[in-house]
Student: 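Handing you a structure now.
For the numbers below, each heavy atom of this structure counts, side chains included, while hydrogens, waters and symmetry mates do not. Below, read A as the first sequence line, B as the second, and so on, with proteins coming before strands; counting in each chain starts at 1.
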2 protein chains.
Amino acid sequence: MLLSYTEENYLKALLKITFNSGINEVGTNKLAASLVVKPATANDMLKKLKEKELVKYEKYGKIKLSKSGQKIALDIIRKHRLWETFLYQKLEFSWDEVHEVAEQLEHIKSEKLIDKLDKYLNFPEFDPHGDPIPNRNGELKVHYKKTLSDIAVGSSCKMVAVKDNSSSFLQYIIKVGLGINNQIKVISKQEYDSITIIEVNDILSSVSLKFAENIYVLCGDCIEGKKCFECQ
Amino acid sequence: MLLSYTEENYLKALLKITFNSGINEVGTNKLAASLVVKPATANDMLKKLKEKELVKYEKYGKIKLSKSGQKIALDIIRKHRLWETFLYQKLEFSWDEVHEVAEQLEHIKSEKLIDKLDKYLNFPEFDPHGDPIPNRNGELKVHYKKTLSDIAVGSSCKMVAVKDNSSSFLQYIIKVGLGINNQIKVISKQEYDSITIIEVNDILSSVSLKFAENIYVLCGDCIEGKKCFECQ
DNA sequence: TAATAAAGTTAGACTAATCTAACAAATAAA
DNA sequence: TTTATTTGTTAGATTAGTCTAACTTTATTA
């Protein structure tokens with residue numbers, strides 16, 4: 001199915017809203033606002049997208065992407081992020097310049113192009129902003145945003161990934177008695193150098209700021225399945 | 001001045017027609033045909049482009065690009081050919097696939113992008129089809145005037161570019177065992193229909209007049225670096 | 001629960017790019 | 001030089017995407 005740039009942008013906006021807010025419920029107004037058009041305009045487009053079975057939507061109801069609509073939206077995000085990576089890595093664009101150009105490039109229609117670009121960039125999993133790049137099947141690595149250094153004194157969190165994959169770091173982690181899925185409580189933090197005392201399995205350890213910044217964690221709410229914006 | 005893709009395509013078409021035919025006189029019908037629209041459509045657009053001072057044009061008269069129109073057209077051709085070069089050199093697209101994708105990429109709006117791409121490709125002077133790439137001031141290396149059909153029986157020449165960029169033609173060229181920079185010897189020519197027997201890498205092929213007219217060549221003298229007036 | 005506010009929809013209009021069909025001008029041919 | 005043919009123009013319609021203004025439904029709150 002050949003879609004116009006505009007239609008593609010509506011699908012992308014829908015995916016982004018549900019992604020970022022964790023909410024699956026999108027209304028006409030919110031959609032319109034995110035595309036900087038009037039609600040009436042979005043409403044018209046929704047009818048069209050429903051006709052094409054790209055969204056599920058009943059009058060006065062909430063909007064959801066259909067399976068195929070979601071696939072298309074993921075595909076556009078894939079293209080967007082691959083182009084950003086290209087601009088950043090190969091053409092030496094700066095971090096903050098890539099988005100605008102990628103907004104245009106994401107609409108270029110050629111599967112071959114994007115697969116070749118993917119290969120050329122060595123199948124990157126994250127774009128320059130750290131956002132995950134969907135693969136050609138629309139699957140993406142979840143990525144974590146919060147590190148142990150972001151957790152407030154007194155709060156608990158769960159380790160989910162490491163940022164630094166070096167073996168020396170991994171060995172250090174083990175020594176502290178830490179591992180994926182372990183619960184960590186932040187006991188105290190030295191203001192001067194951010195040395196942090198943590199508690200893992202009832203054992204206290206002190207770790208450096210560098211250490212804390214290389215441990216991805218989920219906050220207390222996310223541990224309970226809430227998917228907050230700051231963590232994921 | 002921000003132009004639509006469509007407007008850009010009209011300017012490009014005008015430049016291409018005058019370029020390829022050597023004629024400076026373009027009419028509504030020819031322009032429309034080259035864009036695969038009806039003359040009425042082209043006529044409407046011409047009024048718009050005249051309004052913007054991108055073409056010089058009076059009712060029932062001939063169409064010419066203005067200075068600024070020409071600059072914009074050259075800019076689009078620059079983008080087109082740089083993208084073709086990128087696709088061919090970096091992404092390993094084949095000769096005959098690049099055009100279609102570049103038709104889309106040429107409309108991406110970012111001066112920075114195209115200058116960085118130019119640098120990344122090491123400021124190429126010719127695209128994969130042998131066509132010259134305008135620099136950022138719209139200047140380009142002379143392009144070729146002589147085609148295979150101009151070469152006398154018994155003489156040799158070197159293929160340097162193609163006039164027709166259609167994939168069907170390019171694939172035909174490949175089938176004949178021909179490519180950019182190949183030496184061609186004209187063995188014989190049928191007087192009646194100009195069917196020409198050529199020799200490429202010791203292999204003989206017979207090609208039509210239409211074929212021969214779409215292969216740009218350099219004559220024997222020019223191959224040796226002489227730069228004769230007829231070829232360049 | 002009735003009034004008010006917020007959210008969503010509809011109708012009618014506009015612009016850009018296209019079309020068809022009818023017409024006008026310029027050019028070529030008899 | 002009149003006629004026929006080609007070339008170019010105009011008028012009116014269509015589609016996609018947008019708008020404003022008026023209206024309806026749903027949600028909130030006093």
Student: Any cation-pi pair here, K116(B) with F93(A), using under 6.0 Å and within 45°?
Tutor: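 Because its charged atom sits under 6.0 Å from the ring centre and within 45° of the axis, K116(B) does stack over F93(A).
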Student: Side chains of L15(A) and I76(A): does their closest heavy-atom pair fall under 4.5 Å?
Tutor: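 With C-beta onward as the side chain, the pair stays apart.
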Student: If we count only N and O atoms by modelled type, under 3.5 Å, do the side chains of N165(B) and H99(B) hold a donor and an acceptor together?
Tutor: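 The answer is no; no qualifying pair exists.
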Student: Return the value, rounded to whole Å, for the distance between atom CG of N29(A) and atom P of dA27(D).
Tutor: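 For the pair N29(A) CG and dA27(D) P, the rounded distance is 13 Å.
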Student: Could you tell me if D96(B) and Y172(B) have a donor-acceptor pair between their side chains, going purely by distance under 3.5 Å?
Tutor: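 Side-chain D/A pair, Y172(B) to D96(B): absent.
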Student: Return no unless some side-chain N or O of T28(A) is found under 4.0 Å from OP1 or OP2 of dT9(C).
Tutor: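 Yes, such a contact exists.
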Student: Would you kindly say whether D127(A) and H80(A) are connected by a side-chain donor-acceptor distance under 3.5 Å?
Tutor: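 Side chains of D127(A) and H80(A): no pair found under 3.5 Å.
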Student: Please confirm whether the shortest side-chain N or O distance from K30(A) to OP1 or OP2 of dA7(C) is below 4.0 Å.
Tutor: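 The answer is no; no side-chain N or O of K30(A) sits under 4.0 Å from OP1 or OP2.
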Student: Do any of residues 33-45 of chain A sit with a heavy atom less than 4.0 Å from DNA chain D, and if so which?
Tutor: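 Heavy-atom cutoff 4.0 Å gives V37(A), K38(A), A40(A), T41(A), D44(A), M45(A).
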Student: Both T6(A) and L46(B) contact DNA chain D. Which one's nearest nucleotide lies toward the 5' end?
Tutor: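 Checking each residue's closest nucleotide, the 5'-ward one belongs to L46(B).
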Student: Name the orientation class of the two ring planes belonging to F86(B) and F86(A) (parallel below 30°, tilted from 30 to 60°, perpendicular beyond 60°).
Tutor: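 F86(B) and F86(A): tilted rings.
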Student: Figure out the NZ/C1' separation between K62(B) and dA25(C), and round it to whole Å.
Tutor: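 It works out to 12 Å between those atoms.
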Student: What's Y57(A) touching, base or sugar-phosphate or nothing? Going by heavy atoms closer than 4.0 Å.
Tutor: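 Contact class for Y57(A): sugar-phosphate only.
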Student: Could you state the OH-P distance from Y60(A) to dA6(C), rounded to the nearest angstrom?
Tutor: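 Result: 17 Å.
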Student: Taking only side-chain N and O atoms of Y10(A), does any of them lie within less than 4.0 angstrom of OP1 or OP2 on dA16(D)?
Tutor: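 So the side chain of Y10(A) is outside the cut-off, no N or O lying under 4.0 Å from OP1 or OP2 of dA16(D).
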Student: dT10(D) phosphate, OP1 or OP2: any side-chain N/O from K47(B) under 4.0 angstrom?
Tutor: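 True: K47(B) side-chain N/O within range (under 4.0 Å) of dT10(D) OP1/OP2.
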Student: Considering heavy-atom distances to DNA chain D, does K59(A) or Y5(A) have its closest nucleotide positioned more toward the 5' end?
Tutor: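 By nearest-heavy-atom nucleotide position, the 5'-most residue is Y5(A).
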